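Report on one structure; see the data block that follows.
Sequential numbering from 1 along the given sequence is applied to the chain's residues. All of these numbers come straight from a predicted model, not from anything done at the bench.
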Amino acid sequence: MKTMVLLYDTSCIYEIVILNYFLKVTGKEMIFVSPEGNPVMATEGYRIEAEDRLDHVNPGDVELLIIPGGDITQIDTPEVWEYLKNVHDSNGRIAAICAGVDVLEHAGLLEDAESIHSCEKDVVTSHRITTSRANGYVDFAIEVAKQMELFEDEADLQETIAFWREFQRVE
């Protein structure tokens with residue numbers, strides 16, 4: 001199973017970098033895709049090479065699909081909405097932050113799910129979908145990591161929270 005990051009021009013990489021780190025260090029197979037498989041220019045000025053086109057990855061092979069925020073015009077399309085629905089229908093998880101959540105709403109995936117659009121929380125998981133406000137990027141990473149069962153145990157989770165959320169030095 002693959003963990004996929006959907007990139008597009010203006011993707012806000014800072015919103016997903018901690019989550020990407022958690023996934024990579026725990027051995028998840030990650031793939032970075034864009035709608036056409038083209039390189040993208042992130043909001044922060046990074047040029048990122050996509051490994052493939054979105055539609056070249058079988059939705060049934062996606063364990064987790066991550067959508068960062070940014071100017072979603074490139075990905076807020078019926079083709080992407082259909083792909084997201086197929087991932088979700090195949091029991092894949094979807095995690096979106098900031099404007100990435102709007103793509104899920106436009107795809108109809110939030111109709112029966114609690115999300116940041118339906119409550120005041122910064123991060124919400126409902127029906128295998130995690131949504132987050134932009135300022136919740138640390139909690140977003142921790143929540144998705146919990147959903148993906150990336151922590152070895154409660155002590156590992158608490159150490160992660162202390163380091164990333166509370167800025168405590170961990171020995």
Check: Does any non-hydrogen side-chain atom of Ile31 lie less than 4.5 Å from one of Thr3?
Finding: no
Next item on the list: Please name all residues satisfying side chain to side chain contact (heavy atoms under 4.5 Å, CB included) with Asn58, sequence neighbours left out, ordered by chain then number.
Entry: Asp61
Item checked: Spatial distance of atom CZ (Phe163) from atom CD1 (Ile142) [nearest 0.5 Å] -> 11.0 Å
Item checked: Sequence-distant partners of Lys24, salt bridge (Lys or Arg N to Asp or Glu O under 4.0 Å), two or more places apart -> none
Check: Under 3.5 Å, side chain of Thr131 to main-chain N/O of Ile116, donor-acceptor pair present?
Finding: yes
Check: Hey, are the side chains of Thr10 and Met41 touching, using non-hydrogen atoms and a 4.5 Å cut-off?
Finding: no
Checklist line | Inter-residue atom distance Leu110.CG - Ser115.OG, 0.5 Å rounding | finding: 4.5 Å
Item checked: Chi angles and distances behind the side chain to side chain contact (heavy atoms under 4.5 Å, CB included) call for Ile16, Phe140 -> CA-CA 8 Å; Ile16 62 168; Phe140 175 67; 4.3 Å; yes
Next item on the list: Indicate yes or no for a side-chain donor-acceptor contact from Thr160 to the backbone of Asp156 under 3.5 Å, with no hydrogens or angles considered.
Entry: yes
Check: Is any side-chain heavy atom of Tyr83 less than 4.5 Å from a side-chain heavy atom of Leu65?
Finding: yes
Margin query: Is there a side-chain contact between Ile97 and Leu19 in this structure, where contact means two heavy atoms from C-beta onward sitting under 4.5 Å apart?
Written below: no
Checklist line | Note, Pro35 side chain near Leu6 side chain (heavy atom, < 4.5 Å) | finding: yes
Check: Which pairs pass salt bridge (Lys or Arg N to Asp or Glu O under 4.0 Å) with one or both residues in residues 80-97, sequence neighbours excluded?
Finding: none
Note to self: Using the side chain to side chain donor-acceptor pair (under 3.5 Å) criterion, which residues pair with Asp102? Sequence neighbours excluded.
What the structure shows: His117
Next item on the list: Not counting sequence neighbours, which residues clear side chain to side chain donor-acceptor pair (under 3.5 Å) with Thr43? List them please.
Entry: none
Check: Quick one: CD1 on Ile161 to CG on Leu157, what's the gap to the nearest 0.5 Å?
Finding: 4.0 Å
Margin query: Once salt bridge (Lys or Arg N to Asp or Glu O under 4.0 Å) is applied, what residue pairs with a partner in residues 133-146 remain, sequence neighbours excluded?
Written below: Asp122-Arg133, Asp139-Arg165, Glu143-Lys146
Checklist line | Backbone N/O of Asp112 and side chain of His127: donor-acceptor pair under 3.5 Å | finding: yes
Item checked: Close side-chain approach of Leu54 and Met4, heavy atoms under 4.5 Å -> yes
Next item on the list: Could you check Met30 against Lys2 for side chain to side chain contact (heavy atoms under 4.5 Å, CB included), going step by step and ending with a plain yes or no?
Entry: CA-CA 6 Å; Met30 297 185 65; Lys2 297 176 183 349; over 6 Å; no
Margin query: Suppose we screen for side chain to side chain contact (heavy atoms under 4.5 Å, CB included). Which residues come up paired with Asp76, at least two apart in sequence or across chains?
Written below: Ile72, Trp81, Val103, His106
Next item on the list: Go through the structure and list residues passing side chain to side chain donor-acceptor pair (under 3.5 Å) with Glu111, not counting sequence neighbours.
Entry: none
Next item on the list: Not counting sequence neighbours, list each pair that qualifies as a ring-ring contact (aromatic ring centres under 6.0 Å, His included) and has a residue in residues 7-38.
Entry: Tyr14-Tyr137, Tyr21-Trp164, Phe22-Trp164
Next item on the list: Name all residues meeting the salt bridge (Lys or Arg N to Asp or Glu O under 4.0 Å) criterion together with Glu105; count only those two or more places apart in sequence or in a different chain, and write none if there are none.
Entry: none
Margin query: Does Glu166, at its CD atom, have more than 12 non-hydrogen atoms belonging to other residues, nucleotides or ligands within less than 6.0 Å?
Written below: yes
Notebook entry, point to check: Cut-off 3.5 Å, side chains only: do Thr130 and Thr125 have a donor facing an acceptor?
Noted result: yes
Check: Looking only at atom types and distance, does a side-chain atom of Gln147 sit under 3.5 Å from a main-chain N or O of Arg128, one as donor and one as acceptor?
Finding: no
Next item on the list: With the side chain counted from C-beta on, respond yes when Ile67 and Leu84 share a heavy-atom pair under 4.5 Å apart, and no when they do not.
Entry: yes
Checklist line | Within-4.5 Å side-chain heavy-atom neighbours: Leu104 and Ile94 | finding: yes
Notebook entry, point to check: Which residue pairs pass the salt bridge (Lys or Arg N to Asp or Glu O under 4.0 Å) test when at least one of the two sits in residues 37-54, sequence neighbours left out?
Noted result: Glu36-Arg53, Arg47-Glu49, Arg53-Asp55
Checklist line | Under the salt bridge (Lys or Arg N to Asp or Glu O under 4.0 Å) test, residues paired with Glu159 that sit two or more places apart | finding: none
